[in-house]
Amino acid sequence: MVKYWLMKSEPSECSIDSLAHLPKKTIEWFGIRNYQARNFMRDEMKLGDLAFFWHSSCKEPGIYGIVEVSTEVHPETTQFDLESDYYDPASTAENPRWWCVDIRLFKKTRYVSIKELREYPELSDMQVLKRGNRLSITKLTKTEWEFINKLLLQ
DNA sequence: GCCAACGTTGGC
DNA sequence: GCCAACGTTGGC
């Protein structure tokens, strides 16, 4: 059973275009340091799950593409990297604290702004549209996924 | 740049 | 285990 997600990324860190230009259009979803988001990846994401790719903390927030989960869950690499901002001294190889998947660009889509998404009552329960939402990985229902997919064809 | 909302930390 | 203080997120 494929699950549907929405994954936020700051374009200054990894934009849809930087993803598109990677050799295999694939990147480890590094840097997640929030337990809820980690648990989604560690416990629920499966190879082949699909997600909308969202630009956040930028001038034009919203959906820019579709990505797929391209690996099983594995320990996240930057937690062990002394040079990295995401280095976590409490994490060990035997007992890693942070887990993640890799994602691959499935396709770029038209830009759907947060403003547009807010216009549809069908999407009013989407977590990413809720006030105060900060979670960088959220779940979508199949209905929401299909509704947005139709929007993307317009 | 503002600021509301949220998650995390740490003293007790 | 509570909860105040703090730091961060992220749309506006």
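Residue numbering restarts at 1 for every chain, and letters A, B, ... go by the order of the sequence lines.
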With W5(A) as partner, the option from L50(A), I103(A), I137(A), T138(A) fulfilling side chain to side chain contact (heavy atoms under 4.5 Å, CB included) is I137(A)
Presence of R118(A) side-chain N/O under 4.0 Å of dC12(C) phosphate oxygens OP1/OP2
yes
### Check against salt bridge (charged side-chain N to carboxylate O under 4.0 Å, His left out), K142(A) and E146(A)
CA-CA 6 Å; K142(A) 190 160 192 275; E146(A) 285 170 356; 3.0 Å; yes
Rounded to whole Å, CD of Q127(A) lies from P of dA5(B) at a distance of 16 Å
Here the distance between atom C1' of dG11(C) and atom CG of L6(A), to the nearest Å, is 15 Å
To the nearest angstrom, the CG-P distance between N133(A) and dG11(C) comes to 9 Å
Closest to the side chain of Q36(A), out of dG10(C), dG11(C), dG7(B), is dG7(B)
Phosphate-side-chain proximity, W54(A) and dG11(C), N/O vs OP1/OP2 below 4.0 Å: yes
From NZ of K8(A) across to C1' of dT8(C) the rounded distance in Å is 12 Å
**OP:** Please state whether the phosphate of dA5(B), meaning OP1 or OP2, lies under 4.0 angstrom from any side-chain nitrogen or oxygen of R131(A).
**Re:** yes
Apply salt bridge (charged side-chain N to carboxylate O under 4.0 Å, His left out) to residues K108(A) and D17(A) and explain how you reach the verdict. CA-CA 9 Å; K108(A) 283 176 69 172; D17(A) 285 323; 2.6 Å; yes
### Task
Return yes if a side-chain donor-acceptor contact under 3.5 Å exists between W29(A) and D102(A), otherwise no.
no
N39(A) CG to dT8(B) P, in whole Å, measures 10 Å
